[in-house]
Amino acid sequence: MSLNKTLVDMDYLLNEAPREKHFITGAQAMAEAVKRASVDMAIAYPITPQSEVMHLVGDIYAQGHIKEYYRAEEELGTMSAIAGAARGGVRMFTATSGPGLLRGLEAIVSWPGHRIPCVLGVLTRVVNAPLSIQPDNIEMAYLMHSGVVMLHAENQQDTFDYTLAAFAITEKVDVYIPVSVSTEGFFVTHAKGYVDMMDEKYAFTEVDPYHAPVPAMDNEVPPARIQRDAPVQKSNFMSYLIHSVWQQEIWDCNSRAMKYVYQYLGGPIEVINPDADVFIVASGCAAAQSREANRYAEEEGLSVGLVKVKCIRPWPRKEINDALKNAKTVIVPEHNIIGWLSKEIKASIPNGGIVVEGPRVYGGMTLPVELIMEEIYIALGMDSEKLQA
Amino acid sequence: MSKKITVGPVGYMPQSAPSMGVELSPEGKALLYGNIVEEEEAMRDAAKALLTMNNPTIFPGPQVLWDWREDVADKSAAILDLASEIPNCKIIPMPDYRPKYPKIDVKAEINPNHPNLTILDNKIKACVFIGVHCHYANLTLRMIRAGTSCYTVAMCAMMGHEEAMASIRDVHADSIVKFKDIVIQVRNELGIEHTTTMPPENPSLPKEDWGSLTPADYGEYRALIMSKKGEHVTAVE
Amino acid sequence: MSLNYMIPASKFKRYLPKDYVELVDYGPFGKKYSEVGVKNMGTYKELVEEHPMCSGCWMSYYIKIIFASLPNPEDTVTIGTAGCGRLAISQAAVPFIYGNYGDQNAMASGITRAFRLRFPDRQKDVITIAGDGGMMDIGFSMTMHAWFRREKFTTIMLDNEVYGNTGGQESGMSVEGAVLKMSPKGKNFGKMPAMQLAITAGCVYVVKMSPTNINKASKAIRRAIFAARNLGPTFIHVYTSCNIEYSIPTPDVFRDAKEKEKRSFCI
Amino acid sequence: MYLEMLKRKKKGRFAFEEFMTDEAKELFKVVEAKKKKEVS
């Protein structure tokens, strides 16, 4: 059944379409974004905490917003089916979590090389063992080397906006690699928050399979003997330089996506109180806690800056350097044990020593604001009884 | 203006143009040596290169070689007109992106998996790519810049290519005609006499003499030349 | 109409290389099966000609038969995976997708559904062609689940009873007791019953054969493709010997195929 | 077990075996009939 929608471009959808306030979970927010993205096909496989997103997407398919949908055999089967369908020239969506992402990783890391445009929802969860379904975003560290564009949503509103923007970014001719939208399981997906959403009669314009840097594999566009992902393997008639320039092209696509992050997300980072000496730099729901810590500090008359990182890949090296050029201390709260965000920041700024690698929680533990405040007091050299208070 | 993207060979393992900070030109503008310039300026520099360097060649890609869309007809016509205005210009097609076993005939085609074979064998010093999908165009242009001393011009129907010395974007038949006029203009300024001549046909095609026939040309008499069951044919041409 | 992408732009006809012009003039695209097909091999330009597979390889012979049997090659997409088969399949004049090892049937599920969305009134044939390792070992879950889900495409398993491309290791379809690499003391379980698995999983047409008779082989392929168009998944389990790993002298390859069909039974 | 071995002895493990659902059988009748008409 055709739901007569008003098809608009992403700039109008994100910036001009009138919005109403709703109070929904992060999973609902992602599903509502998929509803407004004229998605052709979504392929699902359950794993907590992602399952809510994909079964809501299933309902959206049943209502007629999506043309095709099925539950696959497991994550690798899901991701390979996505790669097959995207080559056929249709718009794809799927989502997964923790161990599911790692199981599907073999296909996911080959997507950029195959120039597969699709949106991947990553609702982060602990990577066992020991087993836990609780939130922890260490899985994003694996994705950072895949070439996939990575957006990290702080809350339900971000999840809605970033997922919508991802559909536009992934199909840009000079990008045309997958875009992932990550957010923390439970803290965001199963918690309710205010989301301003446009009416569902608005939707993103349909995909054009021939507005692409590679031919669709549908026997309609030449060259007939096409080989989108040439097995440029060891054989004697290939030069290995083709493989290396091919890899370069993928990471160039990743860096070209930055201008669209500016266009649709207003830039890769958000800076509050840029002249402070002490900065908190965070992404995902750790940024929500950091925003709260920033509010506490203001109430106590302390000058603390906040840098929220929205885009993990392409990594905003220049923007991070500009924001932290006068910083004396950089506090990086994270929801994983290895601290992939603090490592990226230390690798970007010339004076990496000022980065405080923490506070870090993981395994599903929450990130109390007091933990961040403690680091702020230490950084500002305040005496210890304030710490006890 | 400093030249960021220069004629190769730039080295064993090239740094890609985007990673050197070169950005695609906005609509209406073009790229020349990695800098954003007016389209005419890029076209003039490209025309001068095609007119002054050896073995100028046009590489039409699959999107203009095969008749899959209505704009292919006038685009291919414009390309041939452009080629006929450039002295001793050749056309070498890129009909396919697939790595072909054992090796392509470098006189007859160019392949994105090893474009340097064709460039080096034919000693091409200036070329134009048109109608090639952006991904394969970027691979081709980067490998040419890495290993050959060939001035590359990319005429792209979409956003253009940072790797080419000159990159024209949003190219349709009218932009090709415009480029042809600039070639003629620059040619006259340089005082090069030239009468419009069509480029030579593909060297791999058999000359159209009817001496050599293939079985299919026999039509329904094909059975005559096919060996019967049990008949033992010793030597076959 | 999809044949357009195979017709050269009129102005460029004399600028295309010889093999493409011949492909258009003498190739099987858009022709009736009686004019081309396996019976007339040699009188038209086949879709697969030069390929880097070993001389005497029974798999490359069968791959030529597959491409000669296609009902309409201009609307066919082949999907392969790692292994020897992709060496020849990737050289064919038909689009070829190569994903990760063993995921051909999952990819085929995706692309067949995409084609039905985009071309509801046109028939796009999708064929997955993989070896016994790619189909029954590493890709087992995706193969079976594509069949359980009734995905409409043809699956062809080139069973050479060994992991040939990686140098002759034992595979799930090697016979019990076969001494191969990675089975130094002989394989300790029997050949997986691929045909029964396919029938159980819901395939509408399944064939197990050794392609000694070229017309019978071609008929099986064409039936599988026709049945897969609207009835459901189809499967062809074909014996294609690996004369390198089983060291069968090239002249004896046909005799060995005949023998596997007629006389020897697995010990 | 011996009978099983005997039965199998006559046929090699790759003897031609074909399975088709009834629908497939109907389809092939139609398709092959049409082809015969087309060839003759």
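Lettering follows sequence order; numbering is per chain, from 1. All figures in this text were calculated on a predicted structure; none of them were measured in a lab.
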J.: To the nearest 0.5 angstrom, please state how far the NZ atom of C:K216 sits from the CD atom of D:E18.
T.: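 C:K216 atom NZ to D:E18 atom CD measures 9.0 Å (nearest 0.5 Å).
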
J.: Does some side-chain heavy atom of C:R223 sit less than 4.5 Å from a side-chain heavy atom of D:M20?
T.: yes

J.: Please look at D:F28 and chain C and tell me whether the side chain, the backbone, both or neither of the residue comes under 4.5 angstrom of a heavy atom of that chain.
T.: side chain

J.: First locate atom OG1 of C:T212, then atom CZ of D:F16, and finally report the distance between them rounded to the nearest 0.5 Å.
T.: 10.0 Å

J.: Looking at side-chain heavy atoms only, is the closest gap between D:R13 and C:E261 below 4.5 Å?
T.: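 No, every pair of side-chain atoms sits at 4.5 Å or beyond.
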
J.: With rounding to the nearest 0.5 Å, note down the distance linking OH in C:Y205 to CD in D:E23.
T.: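 C:Y205 atom OH to D:E23 atom CD measures 15.5 Å (nearest 0.5 Å).
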
J.: Which answer fits C:E161, side chain, backbone, both or neither, if we ask what part of it has an atom under 4.5 Å from a heavy atom of chain D?
T.: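 The answer is the side chain of C:E161.
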
J.: Just one of C:K262, C:K208, C:M209, C:K258 clears the side chain to side chain contact (heavy atoms under 4.5 Å, CB included) bar with D:F14, so which one?
T.: C:K208

J.: Taking D:T21 as the fixed residue, which of C:I199, C:V204, C:V206 is the one that meets the side chain to side chain contact (heavy atoms under 4.5 Å, CB included) rule?
T.: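 By the side chain to side chain contact (heavy atoms under 4.5 Å, CB included) criterion, D:T21 pairs with just one of C:I199, C:V204, C:V206: C:V204.
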
